[in-house]
Asker: 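Handing you this structure, nothing more for now.
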Amino acid sequence: MAGQTHLLGPGKPLTRVLQGGRLGSLILWGPPGVGKTTLARLLAGEVGAHFIALSAVSAGVKDVRDAVAEAERQRARGLRTVLFLDEIHRFNKAQQDALLPHVESGLLTLIGATTENPSFEVNPALRSRARTLVLQALSQGRCAACWSAP
């Protein structure tokens, strides 16, 4: 993945997390087009987790319940589940609260993506259980989905 060198690369925060083999919940905060979704998919793949993507623009509590049921099926198969919630700031307090017990129990590893300041838009209980990472705008001519061979 091109860009976000402050998070990725030797000795950087996400590299250290992946080397440890344990991905915790994250809030990815940054402008549109910087690779939040791509990064979430890559992280889930690196830890071998099942990936579920929802958009808070169109999803609701029923969708969260469906994701929880799927995560339980995956856990029975020995897989962890990453729930990617795009536009997490669009979920209201009750919708965000519906995620909380499943993040706390470890059933779901939440990766929320937002263009808004999570300090104001993500409820404190959920925010306290996730690490917030700031993604930076990409320089001209770079894209988040660009790949390079190791």
Side-chain angles (χ1 to χ4, degrees), residues 1-136 144-145 147 150:
M1 182 171 154
Q4 309 312 328
T5 56
H6 64 291
L7 299 174
L8 300 163
K12 300 300 180 180
L14 285 178
T15 303
R16 288 193 316 266
V17 165
L18 292 173
Q19 288 171 338
R22 181 75 177 127
L23 178 64
S25 292
L26 302 169
I27 304 292
L28 304 177
W29 173 27
V34 297
K36 295 181 291 290
T37 304
T38 299
L39 182 57
R41 286 185 185 281
L42 290 172
L43 291 170
E46 283 294 313
V47 298
H50 179 68
F51 187 81
I52 300 173
L54 296 176
S55 171
V57 172
S58 58
V61 172
K62 181 193 179 307
D63 299 294
V64 171
R65 284 190 203 115
D66 291 346
V68 166
E70 176 64 18
E72 288 170 340
R73 285 190 291 276
Q74 295 301 323
R75 183 174 14 188
R77 296 178 55 219
L79 292 174
R80 297 184 343 214
T81 297
V82 169
L83 174 63
F84 175 70
L85 185 56
D86 198 16
E87 307 281 346
I88 190 170
H89 63 275
R90 301 285 296 266
F91 256 19
N92 65 35
K93 183 182 182 325
Q95 291 168 314
Q96 290 181 32
D97 285 346
L99 296 166
L100 195 57
H102 310 293
V103 171
E104 285 178 332
S105 74
L107 177 64
L108 295 174
T109 298
L110 174 67
I111 300 180
T114 182
T115 56
E116 303 295 323
N117 186 334
S119 296
F120 302 115
E121 303 297 336
V122 177
N123 96 33
L126 198 53
R127 211 174 52 242
S128 73
R129 287 153 180 85
R131 182 174 181 186
T132 299
L133 300 175
V134 180
L135 280 73
Q136 299 170 348
W147 293 81

Asker: List the atom of W29, the atom of T115, and the distance in Å for their closest heavy-atom pair.
Answerer: NE1-O, 3.6 Å

Asker: Of all residues at least two apart in sequence or in a different chain, which pass the salt bridge (charged side-chain N to carboxylate O under 4.0 Å, His left out) check with R131?
Answerer: none

Asker: Mind checking the CG-CZ spacing from L42 to F51? Nearest 0.5 Å is all I need.
Answerer: 9.5 Å

Asker: Looking at L108 and A71, what are the two nearest heavy atoms and their distance?
Answerer: CD2-CB, 3.6 Å

Asker: Under 3.5 Å, side-chain donor or acceptor atoms of residues 80-90 against the rest of the protein: list the pairs with distances, not counting sequence neighbours.
Answerer:
{"from": "E87", "atom 1": "OE1", "to": "H89", "atom 2": "NE2", "distance (Å)": "3.3"}
{"from": "H89", "atom 1": "ND1", "to": "T114", "atom 2": "OG1", "distance (Å)": "2.7"}

Asker: With the side chain counted from C-beta on, respond yes when R77 and R75 share a heavy-atom pair under 4.5 Å apart, and no when they do not.
Answerer: no

Asker: Without placing hydrogens or testing angles, list every side-chain donor-acceptor pair under 3.5 Å for residues 9-18, not counting sequence neighbours.
Answerer:
{"from": "T15", "atom 1": "OG1", "to": "G9", "atom 2": "N", "distance (Å)": "2.9"}
{"from": "T15", "atom 1": "OG1", "to": "G9", "atom 2": "O", "distance (Å)": "2.7"}
{"from": "R16", "atom 1": "NH1", "to": "G11", "atom 2": "O", "distance (Å)": "2.4"}

Asker: Find the distance between CG (L107) and CD (E70) and round it off to the nearest 0.5 Å.
Answerer: 10.5 Å

Asker: For R129 and E104, indicate whether the former's side chain and the latter's backbone hold a donor-acceptor pair under 3.5 Å.
Answerer: no

Asker: Of the non-hydrogen atoms in I52 and A67, which two are nearest, and what is the gap between them?
Answerer: CD1-O, 3.7 Å

Asker: Check G48 against L79 and note the closest heavy-atom contact, atom names and distance.
Answerer: O-CD2, 3.6 Å

Asker: So do the side chains of L43 and L26 get within less than 4.5 Å of each other, counting heavy atoms only?
Answerer: yes

Asker: List the atom pairs, donor and acceptor, that lie under 3.5 Å between side-chain atoms in residues 56-65 and the rest of the protein, sequence neighbours left out.
Answerer:
{"from": "K62", "atom 1": "NZ", "to": "D66", "atom 2": "OD2", "distance (Å)": "2.9"}
{"from": "D63", "atom 1": "OD2", "to": "G60", "atom 2": "N", "distance (Å)": "2.8"}

Asker: Just wondering, do Q4 and L39 contact through their side chains at under 4.5 Å, heavy atoms?
Answerer: no

Asker: Quick one: are T109 and V47 in side-chain contact, heavy atoms under 4.5 Å?
Answerer: no

Asker: Just verifying a value: how many Å separate L135 CG and L7 CG, rounded to the nearest 0.5 Å?
Answerer: 5.5 Å

Asker: More than 12 foreign heavy atoms under 6.0 Å from CD of E72: is that the case here?
Answerer: yes

Asker: Quick check against the 3.5 Å criterion: does K36 have a side-chain atom that pairs as donor or acceptor with the backbone of G30?
Answerer: yes

Asker: To the nearest 0.5 Å, what is the distance between CD on E121 and CD on E116?
Answerer: 5.5 Å

Asker: Identify, with sequence neighbours excluded, every residue that meets side-chain hydrogen bond (donor to acceptor under 3.5 Å, both in side chains) alongside H102.
Answerer: none

Asker: Quick one: list whatever passes salt bridge (charged side-chain N to carboxylate O under 4.0 Å, His left out) with K93, sequence neighbours left out.
Answerer: D97

Asker: Looking at OG of S128 and CG of L100, how far apart are the two atoms once the value is rounded to the nearest 0.5 Å?
Answerer: 7.5 Å

Asker: With side-chain contact (heavy atoms from CB on, under 4.5 Å) as the criterion, how do V122 and Q96 come out once you've worked through the C-alpha distance, each side chain's angles and the decisive distance to 0.1 Å?
Answerer: CA-CA 8 Å; V122 177; Q96 290 181 32; 3.7 Å; yes

Asker: Please check this pair: side chain of H6 against backbone of V134, looking for a donor-acceptor N/O pair closer than 3.5 Å.
Answerer: yes

